[in-house]
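Below: one structure, written as C-alpha cells.
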Amino acid sequence: MSDETPWLIVGLGNPGAQYSRTRHNVGHMVIDALAGRCSATLTAHKSGTHMASIRLGIRPGGAPGPQVLVATSDSYMNTSGRSISALARFAHIAPDRILVIHDDLDLPEHDLRLKFDGGEGGHNGLKSLSQCLGTRAYHRLRVGIGRPPGRQDPADYVLAQLSARDRTEWDVTVEKAADVIEDVALNGFPEAQQRLHSHSSPQ
C-alpha cells in the first residue's frame, strides 16, 4: 500500500443518545472530534455507516494534510463489522489501511496505545470486524478505560453514563486520541506508534 492510499478511520460504539457519553463509545467521540476539526458532518452511507471524507493535519508549508475517511457504524457493537467492511469494500480500502478506535478494559483509564493485528481481547466490536473482514490484520488505537470498581459488572461499567467530572477528563483524552490519528495520517503508523509509546509507560 502506498502511503498516499487513504486511511479508513473507524470509531466503534453503539448508536443512540443513551450510549453517546459512555466509555464504550469513546471511538464515536474521537471520530466526532476529528470531523469537528475539519467542520465536517458525518452523513449516512448505503453501507450502513455515517461517514465523511476529510483532510487531517497540515503538511510542511501549510498544505492540507492527507485525505482520510472517518466513519461510525449505524449498527450495535456486536454486528458493526458488517457495515464497516461494506464501507471498506465500497471505498476500495484494504484491511491494512483501516484504523479502528476502541475502548479497552485492559489498559489504565486514559492510556492510549497503537497496535497492528493480534487478538480482540474479548471486544465484541473487534470480533465482528475481524470476522467480516476475514482477517485481524488491521490497525487499532486502543483507548484505555480501566477496570470497573469493586464488583461492578464490566457491561454496566462500559455502558454507564459519564459523570460531569469524568466528561471533562475524557474530553482531554479524546483530543489526545485525535492528535494520534492525525500523526498516523501525516507521518505513517510506525512513526506515530513509536512517538506515542516513547511518551507512555510500557504495558
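The basis for the numbers below is simple: all heavy atoms, side chains too, and nothing from hydrogens, waters or symmetry mates.
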Subject >> Check against side chain to side chain contact (heavy atoms under 4.5 Å, CB included), Leu112 and Leu196 >> reply: CA-CA 8 Å; Leu112 303 174; Leu196 173 64; 4.2 Å; yes
Original post:
After noting the C-alpha distance and the side-chain angles of His197 and Leu114, does the key distance pass the side chain to side chain contact (heavy atoms under 4.5 Å, CB included) rule?
Top reply: CA-CA 8 Å; His197 294 184; Leu114 285 167; 4.2 Å; yes
**OP:** List the steps, then state whether salt bridge (charged side-chain N to carboxylate O under 4.0 Å, His left out) holds for Asp106 with Arg147.
**Re:** CA-CA 7 Å; Asp106 293 327; Arg147 287 286 172 179; 2.6 Å; yes
Subject >> Audit row: Thr72, Asp32, side chain to side chain contact (heavy atoms under 4.5 Å, CB included) steps and yes/no >> reply: CA-CA 9 Å; Thr72 59; Asp32 288 342; 5.6 Å; no
Original post:
Run the side chain to side chain contact (heavy atoms under 4.5 Å, CB included) check on Cys38 and Arg55 step by step: do they pass?
Top reply: CA-CA 7 Å; Cys38 303; Arg55 290 190 174 275; 5.7 Å; no
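A distance of 10.0 Å separates NE2 of His102 from CG of Leu129, quoted to the nearest 0.5 Å. Between atom CG of residue Leu42 and atom OG1 of residue Thr49 there is a gap of 9.0 Å, rounded to the nearest 0.5 Å. Between the CD atom of Gln193 and the CG atom of Asp183 there is a distance of 11.0 Å, given to the nearest 0.5 Å. Note: His92 NE2 to Thr5 OG1 = 12.5 Å, rounded to the nearest 0.5 Å. Going from atom CD1 of Ile9 over to atom CD1 of Ile54 covers 8.5 Å, rounded to the nearest 0.5 Å. To the nearest 0.5 Å, the span separating CD1 on Ile181 from CD1 on Ile101 amounts to 4.0 Å.
With respect to the salt-bridge test (charged N to carboxylate O, under 4.0 angstrom), the residues Asp111 and Lys176 do not qualify.
Nearest heavy atom pair, residue Ala91 against residue Leu69, reads CB-CD1, 3.6 Å. Closest non-hydrogen pair, Gly13 versus Asn25, comes out as CA-OD1, 3.4 Å. Considering every non-hydrogen atom in both Arg167 and Leu162, the closest pair reads NH1-O, 2.9 Å. Summarising the geometry of Leu8 relative to Ala71, their closest heavy-atom pair is CD1-CB, 4.3 Å, with the distance given to 0.1 Å. Across Ile31 and Val10, no two heavy atoms sit closer than the pair CD1-C, 4.1 Å. Closest non-hydrogen pair, Ala88 versus Ile98, comes out as CB-CD1, 4.0 Å.
Side-chain contact between Arg59 and Pro66 is present, with at least one heavy-atom pair separated by less than 4.5 Å. Asp103 has its side chain out of reach of Val143: every pair of non-hydrogen atoms, C-beta onward, lies at least 4.5 Å apart.
A donor-acceptor pair under 3.5 Å is formed between the side chain of Ser73 and the backbone N or O of Ser75. Without hydrogens or angle criteria, Ser20 side chain to Gly16 main chain gives no donor-acceptor distance under 3.5 Å. In this structure a side-chain-to-backbone donor-acceptor pair under 3.5 Å is missing from Arg142 to Asp104. Within the 3.5 Å criterion, the main-chain N or O of Leu126 finds a donor-acceptor partner in the side chain of Ser130. Judged by distance alone, with hydrogens and angles left aside, the side-chain atoms of Ser83 form a donor-acceptor pair with the main-chain N or O of Ser80 at under 3.5 Å. A donor-acceptor pair under 3.5 Å is absent between the side-chain atoms of Glu191 and the main chain of Val184, judged by distance alone. Within the 3.5 Å criterion, the main-chain N or O of Asn124 finds no donor-acceptor partner in the side chain of Ser128. Glu120 places no side-chain N or O within donor-acceptor distance of the main-chain N or O of Lys127, the cut-off being under 3.5 Å. No donor-acceptor distance shorter than 3.5 angstrom exists from the side chain of Arg136 to the backbone of Asp117, with no hydrogens or angles considered.
Relative ring orientation between Tyr76 and Tyr19 is described as perpendicular, the plane-to-plane angle rising above 60° on a 0-90° scale split at 30° and 60°. Between Phe189 and Trp7, the ring planes are tilted. Angles from 30° to 60° get that label.
Side-chain atoms of Trp170 and Glu109 form a donor-acceptor pair, as typed in the model, at a separation below 3.5 Å. His28 and Asn14 share no donor-acceptor pair across their side chains, judged by distance under 3.5 Å alone. No side-chain N or O of Thr22 forms a donor-acceptor pair with one of Gln161 less than 3.5 Å apart. Using modelled atom types, one finds a donor on one side chain and an acceptor on the other under 3.5 Å when comparing Thr173 with His110. Side-chain contact check for Asp96 and His139: no donor-acceptor pair (N or O, by modelled atom type) lies under 3.5 Å. When only modelled atom types and interatomic distance are considered, Ser47 and His45 share a side-chain donor-acceptor pair under 3.5 Å.
For Glu182, the side chain to side chain donor-acceptor pair (under 3.5 Å) partners are Arg37, not counting sequence neighbours.
More than 12 heavy atoms of other residues, nucleotides or ligands lie within 6.0 Å of CD in Gln67, so this atom counts as buried by the packing criterion. Environment of CD in Glu169: crowded, with over 12 heavy atoms of neighbouring residues, nucleotides or ligands closer than 6.0 Å.
Seen from the ring of Tyr138, Arg140 counts as a face-on cation partner, given the 6.0 Å and 45° thresholds.
Both Leu141 and Phe116 are members of a single hydrophobic cluster when ILVMFWY side chains are connected at heavy-atom separations under 4.5 Å.
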Donor-acceptor pairs are to be reported for all side-chain atoms of residues 148-160 against protein atoms at under 3.5 Å, with residues two or more places apart or in another chain.
unit_1, atom_1, unit_2, atom_2, d
Asp153, OD2, Ala155, N, 2.8
Asp153, OD2, Asp156, N, 3.4
Tyr157, OH, Arg23, NE, 3.3
Tyr157, OH, Ile145, O, 2.4

